[in-house]
Structure formats: C-alpha cells, structure tokens
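Have a look at the structure below, then the notes.
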Protein chains: 2
Amino acid sequence: MSLPHVLLGLLSRGSASGWDLKNRMTRDGALGWDAELSQIYPALRRLLKGGFVALKRRRSTKGPPRREYRLTPAGRRELLEWLAEPVALPRPKDAPLARLAFLERLAPDVRAARLLEQRRLVAAALKRAGPPSNAARRRRRALLEAELAWLDAERALLLADAPAPPAAAPRRRGGGATPA
Amino acid sequence: MSLPHVLLGLLSRGSASGWDLKNRMTRDGALGWDAELSQIYPALRRLLKGGFVALKRRRSTKGPPRREYRLTPAGRRELLEWLAEPVALPRPKDAPLARLAFLERLAPDVRAARLLEQRRLVAAALKRAGPPSNAARRRRRALLEAELAWLDAERALLLADAPAPPAAAPRRRGGGATPA
DNA sequence: CCGAGGTATATAGAAACTTATATACTTCGC
DNA sequence: GCGAAGTATATAAGTTTCTATATACCTCGG
C-alpha cells in the first residue's frame with residue numbers, strides 16, 4: 001500500500017497533476033517507486049474522496065485541462081503517520097537478481113557477456129543519478145556503486161577462471177568445479 | 001512474470017514440493033524472490049498443465065502426502081529461454097526507500113532513530129546471509145554492506161549537524177539548514 | 001485543413017500478489 | 001485418546017499492478 005503515500009509525499013513537495021507525479025516518479029530514481037498513469041489516476045481519485053488531497057482544475061497552454069492536486073491537512077497528517085510506521089525489510093522482489101541466481105548453468109562466456117550488459121545499465125543509471133543532495137540519493141548512489149564494483153569483481157573472477165579466447169580456437173572448459 | 005521461472009530455476013536444483021520451494025525461497029535471501037504458498041500452489045498447477053514440470057505423489061512420514069515436482073525437458077528449455085532474455089532494470093519498488101525519501105520532514109532525532117532501526121535490520125540480514133559461495137550471494141552481501149555503510153555515514157552526518165543530548169536537557173535544534 | 005506529436009485524463013481487463021481461512025496427516029506430550 | 005504443533009495442500013476474496021486502448025486539447029509543419 002505504498003503508492004497513495006508516495007503520492008502524498010510528492011504532493012508535500014508541491015501541488016501537481018497526475019501527469020506531473022508520474023514524471024517526477026519516473027525521473028527521480030532515488031525515490032524508490034514508480035507506477036503507471038492507469039494506477040495513479042484512480043489512486044488520486046481515492047485520495048480526493050478520502051479528503052487527503054484537494055483538486056483545482058486549471059487550463060493548460062498545450063493540452064486538455066489539468067487537474068492539479070494539493071495536500072490537505074488530513075493528507076499531511078496521513079503522510080506523517082506513514083513516515084512514523086515501524087521499519088521493515090520488504091519481501092524481496094528483484095527479477096534481475098533472481099535470474100542471476102540461476103545464471104551459473106550458463107557457459108562462462110555467456111555469463112560474462114551478461115555481466116557486461118548489466119554493467120552498462122548500472123553505469124548509465126549512475127550517470128543519470130543526480131547529485132547526492134539528500135539521503136535517498138546518497139543511498140541510491142552507494143548501492144549503484146556497490147553493484148558496479150560487484151559486477152567488476154564477478155567478471156574478473158570469471159575471466160581469471162576461463163580466459164576469453166580473443167581470436168583463437170575456443171579452449172575446453174577444464175575445471176571440475178561446475179559439472180554440466 | 002518471474003515466479004514461474006524462479007520455480008523452474010529452483011526445481012533445476014532438485015525436485016521439490018510447493019512447501020519445499022517456499023522454504024527455499026524464504027531462506028535464501030540471495031535468491032531475490034519470495035512468494036506465498038497461496039501463490040506457489042496455483043503456479044505449480046499451471047506449470048504442470050503446461051508440461052514444464054512433472055508430478056509424483058509421495059507419502060510423508062510426518063504429514064499429508066507430498067506432491068513432488070520435477071523439471072521436464074520442456075521446463076528446462078523454458079528456464080534457459082528466461083535466462084537468455086535481455087537484461088533490464090526493473091521498475092523500482094522499494095518501500096523503505098520511498099519512505100526514506102520523505103523522511104527529511106521529520107525531526108533529526110526521529111530520523112536518527114529510524115536509521116538506527118534500519119541498521120539493526122540490515123545488520124541482522126547480513127548476519128543471516130550465508131557464505132559468499134556464489135555470484136548472487138556475493139551481490140547480496142555487497143549491497144547489504146553498502147547499505148550499512150550508507151546508514152552509518154548518514155547517521156554521522158545527522159549527529160554532526162545536531163548532536164543528540166545524551167542525558168541533559170534537550171537542546172534547541174539550531175541550524176537553519178532544514179526549516180521545519 | 002489535416003495529420004503528427006506532445007500533453008493530459010480515463011477506463012477495461014488481465015495478471016500478480018496478499019490476506020485469510022480450511023483441511024488433512026502425523027507425532028508427541030499428557 | 002485428545003489436543004497441540006509441525007507438515008503439507010488448497011481455495012476464496014480482496015488489493016495492487018500491468019497492458020492495452022480511447023479520448024481530448026493544443027501546436028506545428030506541410
């Protein structure tokens with residue numbers, strides 16, 4: 001049940017329309033949440049019904065009329081209550097990691113290529129990440145850097161074990177460590 | 001659509017019942033996925049119908065008859081196809097992080113307490129984490145350690161800014177850095 | 001003036017996930 | 001022999017999330 005609260009949090013930084021909120025969520029990687037518009041619009045309706053946000057329609061210079069939401073006192077109260085909830089580690093849901101866990105059955109060269117692909121993605125995310133101007137961004141940066149370091153270490157391990165044939169004939173995978 | 005594939009991956013390590021699979025998922029933090037039994041059982045049924053796993057009923061010494069599933073060739077093929085899919089960063093879904101992103105509106109002492117709580121959880125997870133015997137576990141360890149380091153750095157920052165009153169009267173929060 | 005493209009809201013339908021509950025079989029303590 | 005507890009499977013009901021699609025308003029290029 002995070003999306004409504006995340007929306008309240010974002011609105012606490014300034015009034016916005018559903019469209020705006022989607023953009024803020026998608027752009028701010030340090031936020032830790034994202035959702036589709038098809039989920040955001042109904043959520044805003046429910047928040048409106050619940051009295052947590054107020055609505056003001058406003059003409060747009062470049063599109064249909066915007067519905068701008070702003071936090072009400074009740075909304076601010078609800079946000080603070082959410083922030084006060086006890087800390088808990090979430091149920092792990094990390095598809096790349098889950099896949100990685102089984103990557104061992106693939107050939108080392110395929111695995112190495114995969115690590116390189118992943119490295120490119122993580123490096124790009126790190127580049128896009130803004131300045132470490134707040135706690136969340138510092139956390140994101142730290143985790144991305146840790147992942148990058150891990151990817152490099154893993155690849156080094158892999159290459160040390162079975163050096164990639166640069167141009168010559170592929171050499172047999174020798175070690176009895178991972179039997180087929 | 002990860003759960004069915006994760007189940008196939010786990011079954012590739014050895015036949016198991018739904019109950020077993022749940023335990024494996026929950027215990028192995030490095031796996032990156034977990035699900036309820038109520039989700040696992042229907043998923044296994046679907047895999048059975050699809051011919052990706054085969055079923056053998058077996059008596060148990062300490063409970064109702066077990067339904068043990070094993071991978072079929074089709075299941076193995078499907079698993080490999082999943083592993084071959086291109087890498088992608090998932091949509092971020094990290095509730096603690098999302099909450100953290102708005103924690104700045106709380107008083108520094110509350111924030112520090114929160115960081116300490118979180119630290120305890122992460123340290124416990126790190127302790128439970130097994131040996132770095134494969135890539136997934138090494139990744140998990142690296143990320144948990146990075147998080148721990150970040151938590152410490154963050155708390156240090158906070159304490160440096162507004163030193164906690166150890167026993168004496170609470171002193172006024174002075175810095176104009178974060179205006180209410 | 002017409003179509004393409006960006007902005008903006010909206011809904012339907014399906015899939016995934018959570019929470020709650022029911023049931024069956026066994027062993028063990030009493 | 002009865003209840004508690006651990007093992008094991010199962011389903012119902014509700015919520016959340018994803019995918020797909022429709023529509024409206026505006027600007028700009030041709």
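Lettering follows sequence order; numbering is per chain, from 1. Here the structure is a predicted model, which means the values were calculated and not measured.
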Taking 4.0 angstrom as the limit, do A:D34 and A:K22 come out as a salt bridge?
-> yes
Would you mind reading off the distance between [X] atom [atom1] and [N] atom [atom2], rounded to a whole angstrom?
{"X": "A:W19", "N": "D:dA24", "atom1": "CH2", "atom2": "C1'", "answer": "13 Å"}
{"X": "B:Q39", "N": "D:dT15", "atom1": "CD", "atom2": "C1'", "answer": "13 Å"}
{"X": "B:R46", "N": "D:dT9", "atom1": "CZ", "atom2": "P", "answer": "17 Å"}
{"X": "B:L37", "N": "D:dA12", "atom1": "CG", "atom2": "P", "answer": "17 Å"}
{"X": "A:M25", "N": "D:dC18", "atom1": "CE", "atom2": "P", "answer": "11 Å"}
{"X": "A:L44", "N": "D:dT17", "atom1": "CG", "atom2": "P", "answer": "14 Å"}
{"X": "A:D20", "N": "C:dA8", "atom1": "CG", "atom2": "P", "answer": "7 Å"}
{"X": "B:R58", "N": "C:dC25", "atom1": "CZ", "atom2": "C1'", "answer": "17 Å"}

Below 4.0 angstrom from OP1 or OP2 of C:dT9, is there any side-chain N or O of A:R67?
-> no
Side-chain N or O of A:S60 less than 4.0 angstrom from OP1 or OP2 on C:dA8?
-> yes
Is a donor on one side and an acceptor on the other found under 3.5 Å between the side chain of [X] and the backbone of [Y]?
{"X": "A:R24", "Y": "A:L10", "value": "yes"}
{"X": "A:R138", "Y": "A:P132", "value": "yes"}
{"X": "A:R141", "Y": "A:P131", "value": "no"}

May I ask you to say what [X] touches in the nucleic acid, namely base, sugar-phosphate or nothing, with a heavy-atom cut-off under 4.0 Å?
{"X": "A:K93", "result": "sugar-phosphate"}
{"X": "B:R59", "result": "nothing"}
{"X": "A:T61", "result": "sugar-phosphate"}

With respect to the side chain of [X], which nucleotide from [options] is positioned closest?
{"X": "A:R91", "options": "C:dT19, D:dA8, D:dT16", "result": "C:dT19"}
{"X": "A:K62", "options": "D:dT7, C:dT7, C:dA10", "result": "C:dT7"}
{"X": "A:P65", "options": "D:dT16, D:dC25, C:dC17", "result": "D:dC25"}
{"X": "A:P64", "options": "D:dA8, C:dT7, D:dT17", "result": "C:dT7"}
{"X": "B:Y41", "options": "C:dT18, C:dC25, D:dA10", "result": "D:dA10"}

Is there a donor and acceptor pair closer than 3.5 Å between the side chain of A:S38 and the base of D:dT17?
-> no
Measure up the B:W82 and B:H5 rings against each other and bin them: parallel (under 30°), tilted (30 to 60°), perpendicular (over 60°).
-> parallel
Assert: residue with more 5' nearest nucleotide on DNA chain D, out of A:E36 and A:G63, is A:E36
